[in-house]
Enquirer: 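Dropping the structure in here first, questions after.
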Amino acid sequence: MSVAAPTYTADEMMAVAAARRLQDGTVCFVGIGLPSQAANLARATHAPAAVLIYESGTIGAKPARLPLSIGDGELAETADAVVSVPEIFTYWLQGGRIDVGFLGAAQIDPGGNLNSTVIGDYERPKVRLPGAGGAPEIASWCRETFVMLRQTPRTFVERVDFLTTVGRPRGGGAGVTCVVTDLGLLEPDAETGELVMTELYAEVTADDAQQATGWDLAVAADPRSVEPPTTEELDALRALEPVAGETVVS
Amino acid sequence: MSVAAPTYTADEMMAVAAARRLQDGTVCFVGIGLPSQAANLARATHAPAAVLIYESGTIGAKPARLPLSIGDGELAETADAVVSVPEIFTYWLQGGRIDVGFLGAAQIDPGGNLNSTVIGDYERPKVRLPGAGGAPEIASWCRETFVMLRQTPRTFVERVDFLTTVGRPRGGGAGVTCVVTDLGLLEPDAETGELVMTELYAEVTADDAQQATGWDLAVAADPRSVEPPTTEELDALRALEPVAGETVVS
Amino acid sequence: MAEILPLGEAVRELVHDGDVVALEGFTHLIPYAAGHEVIRQGRRDLTLVRMTPDVVYDQLIGMGCARKLVFSWGGNPGVGSLHRLRDAVEHDWPGPLELEEHSHAGMAAGYWAGASGFPFGIVRGYDGTDLVEHTRVEPITCPFTGERVAAVPAIRPDVGIVHAQQADEAGNVQLWGISGVQKEAVLSSRRALVTVEEVVPVLEPRPTAVFLPGWTITAVCLAPGGARPSYAHGYYDRDNAFYLRWDEVSRDRDRFREWMAEHVVEREVSPV
Amino acid sequence: MAEILPLGEAVRELVHDGDVVALEGFTHLIPYAAGHEVIRQGRRDLTLVRMTPDVVYDQLIGMGCARKLVFSWGGNPGVGSLHRLRDAVEHDWPGPLELEEHSHAGMAAGYWAGASGFPFGIVRGYDGTDLVEHTRVEPITCPFTGERVAAVPAIRPDVGIVHAQQADEAGNVQLWGISGVQKEAVLSSRRALVTVEEVVPVLEPRPTAVFLPGWTITAVCLAPGGARPSYAHGYYDRDNAFYLRWDEVSRDRDRFREWMAEHVVEREVSPV
């Protein structure tokens, strides 16, 4: 990986970049993998009052180590409350109470639309992906949605094979406001809504980003440079890792 | 009261008559007052496995004494489960899981339709009554509904002033299947649905019943005679009474 | 994040003339102290929402705070009528009172919809009743089965007020026992005020507990005994004798006003 | 009232070829033992319903039990694909698999409606997505605001199957920890089968507990360890290593079949 400095991985850079964007007290709707790393890193560093909600029904979970699945017992034990799944998706998510939702995806298009359903044709897919899960309503009803995925020409596509999640939905939230990749960050243009590369990691160039994108990428005139992870951030992130032999594969 | 033998009151006769109709294991939706007396009497005598659900959200309440209000602490303490009011009315009542619902009313008509809203005109009522409460959906979604009220020309009327609760609704249940009064019991005719006086208490005549009814009352050809309360029934019923000074006025 | 405020200040900030206000508590944990503070501050033209208006609503209505009542069952539980409610409806005293009434299932569906951000909730009911002509309910047809069900509008109060047993310093709230529609009243409201029996260092998880995060609440107010004469599970019992006495007190307009002056208006604490 | 039955007998009586069957458990308390018994009894043409099909559904699908899958997210949590599910969808092996897919909010609304006796549930969603073209969802218009929301059909399985920590002798069931849609799966189903870790004399009320009365359940089966390799809060932890191993085992059709023969079909107990 051209962007990975010897002391941290691309995933660590992504988790750190996302974590920095969370303010203290932010209420987050979190999935497993990078989003969970980012939200828990924020909680362990500058945002101790961040509230983590997992779709399994745990509100205010405070795991000491990263959960291995979305319904991990650690989440229930450390949560302020455990509610049913129907309640999480009604009173809490569609009720419009969440500040930031996190999503992954297999594909994203310039409008921030996401595909997590199939690669290829729906009826005869090349790759059958897991499906929608909570994504469509997360993007519609959280005030903001952060997407985290690796930037490649196969993932950043002109047109998604299947539109699972609308990037700028008509719901109560702003939709996708930030895409965190292994090269930097993209944000939607205030007028057109098209994703613009606004921040780049150390040693990443605008040309690197264009090469990794399946459309004619807009790059900000003077993209901000993202500071590499600090020692404090890396220590905190690594302290969250599950015990050896139980690595989370995200 | 012409029907009250010296050893028991009309209310006691009503509670006993209703209790006898509850089979063991019956799941009952119960309100405060006579219904609560009847259901708890059944539980204390021949139907120890009867399940009492109060609309306050208590499932399987087993009060040792009669609750003084529908949300009495005793109900929560003795219940198998306490759920929210929205859940009681969705998963439990409209879900069609209740065998017998109990209702009172200010007026009833020959079709078993009930009024608990107003006496007189709605906009300028003579008497403003408490309103619908749980009644309309209880009558629609319990398998059977028992109504308990005193029989007088003012309560048994040709036409209710306000139709709060439909006697034979299009819901999943049979609607009003039994009306327990201070004179005896009425049941709907299998064909026409009109209420027929099918049982009379000791010393009550068909003519007494007609005199107490505001319409031309159908009386069964050979109405069954209801046995007076037994000593066991009266003892059990009186043992349920709240402590002195806290009498329930129903 | 909830602010912990004195009750007087919280009511002053949260409850305005003309607001839609829901005080909930299904027999248990009825927020009397907060209701009395609304009376003391002389709020007017309120639309009062509550599934089971009982004595505290009788008091608010009799003191002229309400323009409209949205409800499903209005009575003095186990006792009889609410005389002030009846006087307002039957004789426009102290002023006319508009009514919007539902069944319990309908009100519960309205709160559920409000808490969920939905514009309406559904009930399999109302059909064939006279309620249809006198309330806000519309038939909708299931697009899969053709069945007609009733839509009831979401309840979205300006202010939701409930009483709970405990809060912590961060304004998180826990209540237990019969929980009624309190969670929904808080989550469906634009602003939420919660009075509590006590503020504790840690909210211990309990059976039947409902937890409300501080970030769903606007103000938490310490009000020990704030549910009297109703009860607070684990703290005090219902004052059943009071409910019987209320039947006497409230029958007469003058006696009602005298009682309220003595026990509510001229006091800073809730009568027991 | 629930009968306490051996698992084999309960599955024989409750689960028939062609049934709509929901096995629920949101990561926690996944009813593996019951799923394996369905496989051992060779059920066919099932419509399998589950919000989060994971390894036990991969096994049911790979063993040819299913004709259709109704779901919202199908994967091996934290690991990756379900290879048997993919093989069925991508290559019709061991047979074609019809899909009906929703969002989580849509599935949850379907269960909620099923448990409530409603013909449909509502979601503010689906609009603008390609899901609309490939699933059972219809727009309905709010009669009060004019807002369009999505109606999803009620989920009403023939059989709902969940695993819980405890039952009592009367067949009442209690589960605690993350409870997912288990209550809804039981209450929305015509018949309900609950496997439990143990039968205890008294179900002690606990924080976060979900109680299911015996009269809502058809059969209760003692199946200690019946959620392995998922976990049972308070009893045993999730076997995360197994989920990683499954990725290997399930990639190859022959290896999958051998593994199933050895660990499921020829055993009377669930593999750990």
Side-chain angles (χ1 to χ4, degrees), chain B residues 32-33 54-58 67-73 75-77 79 81-90 93-94 113 115-118 122-137 140-141 160 162-166 169-172 242 245-250, chain C residues 25-28 51-52 71-75 77-82 85-86 88-90 99 101-109 111-112 115 121 123-131 133-134 176-184 207-208 210 230-231 233-234 237-238 240-241 243-244 247:
Chain B
I32 289 303
Y54 290 81
E55 66 192 12
S56 53
T58 55
L68 293 152
S69 83
I70 204 146
D72 211 78
L75 296 178
E77 275 157 20
V82 180
V83 303
S84 75
V85 163
E87 181 176 323
I88 275 289
F89 284 99
T90 50
L93 179 58
Q94 294 181 82
N113 298 306
N115 173 18
S116 52
T117 303
V118 288
Y122 184 80
E123 297 301 334
R124 186 52 59 186
K126 187 154 160 278
V127 182
R128 173 65 224 196
L129 302 165
E137 286 76 28
S140 288
W141 299 108
V160 291
F162 189 97
L163 204 168
T164 312
T165 301
V166 179
R170 59 159 196 135
E246 301 183 315
T247 314
V248 175
V249 183
S250 60
Chain C
F26 208 88
T27 307
H28 179 211
M51 288 185 69
T52 53
F71 76 112
S72 42
W73 192 90
V79 178
S81 289
L82 292 176
L85 167 58
R86 282 187 56 183
V89 175
E90 296 168 13
L99 297 184
E101 61 186 302
H102 289 274
S103 67
H104 278 348
M107 282 286 280
Y111 273 120
W112 172 86
V123 183
R124 289 170 93 192
Y126 288 89
D127 199 38
T129 73
D130 288 343
L131 274 173
E133 304 298 318
H134 295 94
W176 62 92
I178 289 170
S179 63
V181 288
Q182 281 102 307
K183 180 187 268 190
E184 291 76 15
T208 79
V210 168
S230 80
Y231 74 106
H233 201 119
D237 291 334
R238 189 167 189 265
N240 291 299
Y243 281 85
L244 287 166
D247 192 65

Enquirer: At a 4.5 Å cut-off on heavy atoms, which part of B:Y122 comes close to chain C: side chain, backbone, both, or neither?
Expert: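 For B:Y122, the side chain is the part near chain C, not the backbone.
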Enquirer: Which region of B:T90, side chain (C-beta onward) or backbone (N, CA, C, O), has a non-hydrogen atom less than 4.5 Å from a non-hydrogen atom of chain C, or is it both or neither?
Expert: neither
Enquirer: Tell me, for B:P136 versus chain C, whether the close heavy atoms (under 4.5 Å) come from the side chain, the backbone, both or neither.
Expert: side chain
Enquirer: Side chain, backbone, both or neither: which part of B:Q94 has a heavy atom under 4.5 Å from chain C?
Expert: both
Enquirer: What part of B:V160 gets closer than 4.5 Å to chain C, counting heavy atoms only: side chain, backbone, both or neither?
Expert: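 Answer is neither: B:V160 stays 4.5 Å or more from chain C.
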Enquirer: Between C:F26 and chain B, which part of the residue has a heavy atom less than 4.5 Å away: side chain, backbone, both or neither?
Expert: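 The answer is both parts of C:F26.
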Enquirer: Check whether B:S140 reaches the backbone of C:G125 with its side chain - one donor and one acceptor, N or O, closer than 3.5 Å.
Expert: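 Absent.
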Enquirer: Could you look at C:Y243 and say if it's the side chain, the backbone, both or neither that has a heavy atom under 4.5 Å from chain B?
Expert: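 Nothing of C:Y243, per the 4.5 Å heavy-atom cut-off to chain B.
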Enquirer: Evaluate the ring planes of C:H104 and B:F89, with Trp represented by its six-membered ring, and classify them as parallel (under 30°), tilted (30 to 60°) or perpendicular (over 60°).
Expert: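 The rings of C:H104 and B:F89 stand perpendicular, inter-plane angle above 60°.
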Enquirer: Quick one: what part of C:T208 sits under 4.5 Å from any heavy atom of chain B, side chain, backbone, both or neither?
Expert: side chain
Enquirer: With a 4.5 angstrom heavy-atom cut-off, which part of C:M107 approaches chain B: side chain, backbone, both or neither?
Expert: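 Contact with chain B is absent: no heavy atom of C:M107 under 4.5 Å.
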Enquirer: Please look at C:V210 and chain B and tell me whether the side chain, the backbone, both or neither of the residue comes under 4.5 angstrom of a heavy atom of that chain.
Expert: neither
Enquirer: Residues in side-chain hydrogen bond (donor to acceptor under 3.5 Å, both in side chains) with C:R86, at least two apart?
Expert: C:S81, C:E90
Enquirer: Between C:M51, C:R124, C:K183, which residue shows the highest count of heavy-atom pairs closer than 4.5 Å to chain B?
Expert: C:R124
Enquirer: Of all of C:T129, C:I178, C:D237, which one pairs up most often with chain B through heavy atoms under 4.5 Å apart?
Expert: C:I178
